[in-house]
Amino acid sequence: MRVVDSTKNLNCFKATWRYFGDKGIYLVLINLLPTLLLPFVLSPSVTMYYLFDMKTIDTSSISALFSYMWSMPYSFWYIGIIGAVLLVFSAAITFGVIDRHMRVGEFTISPNRVKSRLNYNILTAIKFVIVAIASLEFFNIVATLLYYLWANVFADYAAKMVFSCCTLVIMELCMIFTMSWFILWPPFMLHTGMKTSAAFKTAWSSMSGRLFRTVFAILVIVVPLQIVMIITAACNLGDICRTVLDAISYAIIVPYYITLMYNTFYDITGTERMDIEAKKKNIWAKK
């Protein structure tokens, strides 16, 4: 049986929210430790907080601005490195948990299956984490260079702020579009046996007609978190609150993104969702 193609509607988005609402707490817990550690080395929001710290930041040299962007408020950067490494393992496990549930209708996070999930998924998880982190860092670097340009081209604070705000919005949208373009890349590698480049090309072409819906699905989870961060920065609640919000953002976005990934993959390939079929047969299941 072929599932309904959501190319021209938001069925996949709705299915993602239903799935995440049902199983999201388990997926968050699987990825909780690495997502709590990752902000110590990689902040997803430093380019946004720059807008609130602009008056106090030394923008006379590019090195000073880069120092602000990449200097953590704590000296525990190595903890963030550990978090990035652990994220590879938690992502590999999450791939296996969601895929098995959708493929055979069995949702299990049993430790007995950890070894097999790592064996099958670890290489794909490594590539996924490297590309995601590299993409985030790339757009952070581009944003920093543009901030430096605006700071030294414009003498007027209002002009600096306007151009910097536009830069932030554009860079974040570019990041979300990038993550949307390769969202099908990991499952195509895992389930078709394609090599990295072939899987990427297939995933890229498969997103034709549904890219903006995927971007919308990601924005729905990102925008509320950004609003909270803006309030935190405006109220000057400090580095601890900023780091905690970064951790919460990672803890929610990572499992949500992988959930969206598999919902999109099963939808676009027309693969029967056995978790949905099992739920239909279970009269006690939540509708």
Side-chain angles (χ1 to χ4, degrees), residues 3-4 6 10-39 44-45 83-84 86-111 113-114 117-118 121 124-125 128-129 132 136 175-176 179-180 183-184 186-187 190 210 213-229 244-268 271 273-280 282 284-287:
V3 295
V4 178
S6 64
L10 295 176
N11 285 352
C12 186
F13 166 69
K14 296 174 184 177
T16 300
W17 271 100
R18 284 195 295 268
Y19 191 95
F20 195 70
D22 186 29
K23 302 298 182 184
I25 184 63
Y26 303 106
L27 304 178
V28 169
L29 290 174
I30 291 172
N31 295 276
L32 186 61
L33 182 57
T35 53
L36 289 179
L37 301 180
L38 198 55
S45 58
L86 292 178
L87 184 60
V88 170
F89 293 96
S90 67
I93 294 170
T94 305
F95 290 162
V97 168
I98 297 177
D99 176 59
R100 181 173 178 81
H101 188 209
M102 293 185 176
R103 182 166 44 87
V104 303
E106 179 186 1
F107 185 88
T108 175
I109 54 176
S110 170
R113 294 193 173 273
V114 169
R117 284 167 177 164
L118 291 178
N121 303 333
T124 300
F128 166 70
V129 171
L136 179 59
M175 178 64 187
I176 291 173
M179 296 300 292
S180 298
I183 194 169
L184 293 176
L190 289 172
R210 66 174 63 231
R213 290 170 180 82
T214 305
V215 169
F216 171 76
I218 296 176
L219 280 172
V220 166
I221 200 74
V222 169
V223 169
L225 293 170
Q226 289 283 60
I227 291 173
V228 174
M229 289 177 180
V244 169
L245 281 175
D246 283 350
I248 293 173
S249 298
Y250 279 132
I252 295 173
I253 291 173
V254 169
Y256 174 83
Y257 180 82
I258 299 176
T259 301
L260 178 62
M261 174 192 299
Y262 271 95
N263 272 276
T264 305
F265 177 76
Y266 271 73
D267 179 61
I268 202 169
T271 306
R273 287 276 301 273
M274 295 309 299
D275 62 313
I276 295 177
E277 293 302 308
K279 198 169 184 178
K280 289 179 181 178
N282 181 7
W284 302 108
K286 294 184 290 184
K287 300 299 183 182

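Note that the structure is a prediction, hence the values are computed from the model and not measured. Numbering starts at 1 and runs along the sequence shown.
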Participant: Is the shortest heavy-atom distance from the side chain of L32 to the side chain of L29 under 4.5 Å?
Facilitator: yes
Participant: So Y256 and T16, do their side chains get closer than 4.5 Å, heavy atoms only?
Facilitator: yes
Participant: Show the numbers, then the answer: is there a side chain to side chain contact (heavy atoms under 4.5 Å, CB included) between S249 and M229?
Facilitator: CA-CA 10 Å; S249 298; M229 289 177 180; 2.9 Å; yes
Participant: Are L245 and L225 side-chain neighbours, meaning at least one heavy-atom pair lies under 4.5 Å?
Facilitator: no
Participant: Flag the pair P255 / I30 as yes when at least one side-chain heavy-atom distance between them is below 4.5 Å, and no otherwise.
Facilitator: no
Participant: Find the distance between CG (L27) and CG (D22) and round it off to the nearest 0.5 Å.
Facilitator: 9.5 Å
Participant: Verify whether the ring centers belonging to H101 and Y262 lie closer than 6.0 Å.
Facilitator: no
Participant: At their closest point, which heavy atom of P44 faces which heavy atom of L136, and how far apart are they?
Facilitator: CA-CD2, 4.3 Å
Participant: Looking only at non-hydrogen atoms, find the nearest pair between P34 and G83 and report the distance.
Facilitator: CB-O, 3.2 Å
Participant: Quick one: pull up CZ in R213 and OG in S180 and give me the separation to the nearest 0.5 Å.
Facilitator: 12.5 Å
Participant: Just do the side chain to side chain contact (heavy atoms under 4.5 Å, CB included) check on L190 and N121 with the steps written out, would you?
Facilitator: CA-CA 7 Å; L190 289 172; N121 303 333; 3.4 Å; yes
Participant: Could you go step by step and tell me if M261 and F95 meet the side chain to side chain contact (heavy atoms under 4.5 Å, CB included) rule?
Facilitator: CA-CA 9 Å; M261 174 192 299; F95 290 162; 3.9 Å; yes
Participant: For R273 versus N263, what's the shortest heavy-atom pair and its separation?
Facilitator: NH1-OD1, 3.0 Å
Participant: Tell me whether D275 contacts the main-chain N or O of G105 through its side chain, where contact means a donor paired with an acceptor under 3.5 Å.
Facilitator: no
Participant: Is there side-chain contact between M274 and E106, with heavy atoms separated by less than 4.5 Å?
Facilitator: no
Participant: Once salt bridge (Lys or Arg N to Asp or Glu O under 4.0 Å) is applied, do any residues pair with R103, and if so which ones, sequence neighbours excluded?
Facilitator: D99
Participant: Contact between T264 and L184 at the side-chain level, heavy atoms closer than 4.5 Å - yes or no?
Facilitator: yes
Participant: About how many Å separate NZ of K23 and CD1 of I109, when rounded to the nearest 0.5 Å?
Facilitator: 9.5 Å
Participant: Report yes or no: does Y257 contribute a side-chain atom to a donor-acceptor pair with the main-chain N or O of M179 at less than 3.5 Å?
Facilitator: yes
Participant: Please walk me through it: do R210 and D267 pass salt bridge (charged side-chain N to carboxylate O under 4.0 Å, His left out)?
Facilitator: CA-CA 11 Å; R210 66 174 63 231; D267 179 61; 3.3 Å; yes
Participant: Atom CZ of residue position F89 - does it have more than 12 heavy atoms of other residues, nucleotides or ligands inside 6.0 Å?
Facilitator: no
Participant: With a 4.5 Å heavy-atom cut-off, do Y19 and M102 have their side chains touching?
Facilitator: yes
Participant: What is the distance from atom CD1 of I258 to atom CG of N31, rounded to the nearest 0.5 Å?
Facilitator: 5.5 Å
Participant: Got a second to check how far I183's CD1 is from I176's CD1, nearest 0.5 Å?
Facilitator: 11.5 Å
Participant: Mind running side chain to side chain contact (heavy atoms under 4.5 Å, CB included) on W17 and I221 for me, showing each step along the way?
Facilitator: CA-CA 10 Å; W17 271 100; I221 200 74; 3.7 Å; yes
Participant: Do Y26 and V97 come close enough that some side-chain heavy atom pair is under 4.5 Å?
Facilitator: no
